[in-house]
Amino acid sequence: MSVLRIEGLRAAVAGREILRGVDLEVRSGETHAVMGPNGSGKSTLAHVLMGRPGYEVLAGSVTIDGTELLGLPVDERARAGLFLTFQYPIEVPGVPVAEVLREALRAAGGDTTDLEGRMAAEGERLGIPVLLLDRPMNVDLSGGEKKRNETLQLAVLHPRFAVLDELDSGLDVDALRQVARRVEAASNESDPPLGVIAITHYRRLLTVLHPDVVHVLSEGRIVRTGGPELASELEATGYAGYRAQPDGTVGDDDGRPAES
Ligand code: ADP
Ligand code: MG
């Protein structure tokens, strides 16, 4: 059992404070959805957790089982058990996925036996044609194929915690179901079960992923936390009530969206 703990996280991009005090705690086997309007800082949160250059941490702490991640280079965060699927997966010409996975597993002291077989099995589960597995990382893949590919890497690497940044974007309904089912299975398996932060705009991912907790991020802060029913409510009401008011507050006093 592991714990990913984010405390008082503040971060700036290009000199502007985007995350303004984020607190979030995820345990092995839990799925937390982070929803919120465009520009609220969701991707920034993902990048800051993983240590993308250019994002300046102003305050706070991010730990896995007590090990501080902030300040560590990306590869050490990965070795500590953190994995990120990108909202916009990058193409890496000349580098096959199998090679990336083999090196990553080796670096983390993981098992590399029958890697091709495991990739093929995951590929079948995720609807990725075997031919695509030999391509250089994400090169000439469709948006949906890239997202399936990200999920395959997640499944083979078996991290402790995964941050999914809009894994659902660009996926059709069938692909969405396959990808979400695979993540859901990882969060139910043992040794230890995967802890998930699923960033998304849409409830449709969550109907398969079954989050335990739903958070609303607005203007760089978590302004509301609830159960799965919160996702349905957001789908009905939208995020209008969660945008900043002229006085700088969000929604009304108890953090609920203002009545329109
Ligand atoms: P979300 O993922 O919730 O839509 P982002 O985290 O991508 O939001 O962006 C939050 C804010 O930070 C936006 O106003 C965006 O323009 C700004 N931002 C994000 N990344 C950068 C960057 N690299 N340079 C400048 N501004 C950025
Ligand atoms: Mg984003």
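When a ligand or atom number is given, it counts from 1 through the structure's own listing order.
When all heavy atoms of Ala162 and Leu154 are compared, the pair lying nearest together is CB-CD1, 3.6 Å. Minimum interatomic distance between Pro228 and Pro211 (heavy atoms only, all atoms of both residues): CG-O, 3.4 Å.
Among protein heavy atoms, the minimum distance from atom 20 (N) of ligand 1 is reached at Tyr55 OH, 3.5 Å. Protein heavy atom in closest approach to atom 23 (N) of ligand 1: Val13 CG1, 3.5 Å. Among protein heavy atoms, atom 7 (O) of ligand 1 sits closest to Ser43 CB, 3.6 Å.
Within the structure, ligand 1 has Gly41 among the residues with a heavy atom less than 4.0 angstrom away. Using a non-hydrogen distance threshold of 4.0 Å, Gly220 does not register as a contact of ligand 1.
The nearest protein heavy atom to atom 11 (C) of ligand 1 is closer than 4.0 Å.
Note on ring orientation: taking the six-membered ring where Trp is involved, the planes of His215 and His32 are parallel (angle under 30°, cut-offs 30° and 60°).
The pair Glu150-Lys147 does not meet the salt-bridge criterion, since no charged nitrogen lies less than 4.0 angstrom from a carboxylate oxygen. Using a 4.0 Å cut-off between charged side-chain N and carboxylate O, Glu219 and Arg221 make no salt bridge. For the pair Lys146 and Glu166, the salt-bridge criterion is not met [side-chain N within less than 4.0 Å of a carboxylate O].
Using a cut-off of 2.8 Å, one finds that Asn38 contributes no N/O/S atom close to the Mg ion (ligand 2). Coordination check, Thr44 versus the Mg ion (ligand 2): failed, since every N/O/S atom of the residue sits at 2.8 Å or beyond.
Heavy-atom neighbours of Tyr202 OH from other residues, nucleotides or ligands within 6.0 Å: at or below the threshold of 12.
Of all the heavy atoms of Thr44, the ones lying under 4.0 Å from any atom of ligand 1 are found in both the backbone and the side chain. Counting heavy atoms closer than 4.0 Å to ligand 1, residue Arg16 contributes side-chain atoms (C-beta onward) but none from N, CA, C or O.
Here's the thing with Ile18: none of its N/O atoms is less than 3.5 angstrom from an N/O atom of ligand 1. Backbone and side-chain nitrogen or oxygen atoms of Gly39 are examined, and one is located within less than 3.5 angstrom of a nitrogen or oxygen of ligand 1.
With 3.5 Å as the limit, one finds a donor-acceptor pair spanning the side chains of Ser61 and Glu68. No side-chain N or O of Thr112 forms a donor-acceptor pair with one of Arg102 less than 3.5 Å apart.
Within ligand 1, counting atoms from 1 as listed, the ones closer than 4.0 Å to a heavy atom of Lys42 are 1 (P), 2 (O), 3 (O), 4 (O), 6 (O), 8 (O). Taking every heavy atom of Asn38 and a limit of under 4.0 angstrom, the matching atoms of ligand 1 come to 4 (O). Atoms of ligand 1 found under 4.0 Å from any heavy atom of Pro37 (numbered from 1 in listed order, with element): 3 (O).
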Check step by step if side chain to side chain contact (heavy atoms under 4.5 Å, CB included) holds for Met35 and Arg224. CA-CA 10 Å; Met35 306 181 79; Arg224 198 163 163 211; over 6 Å; no
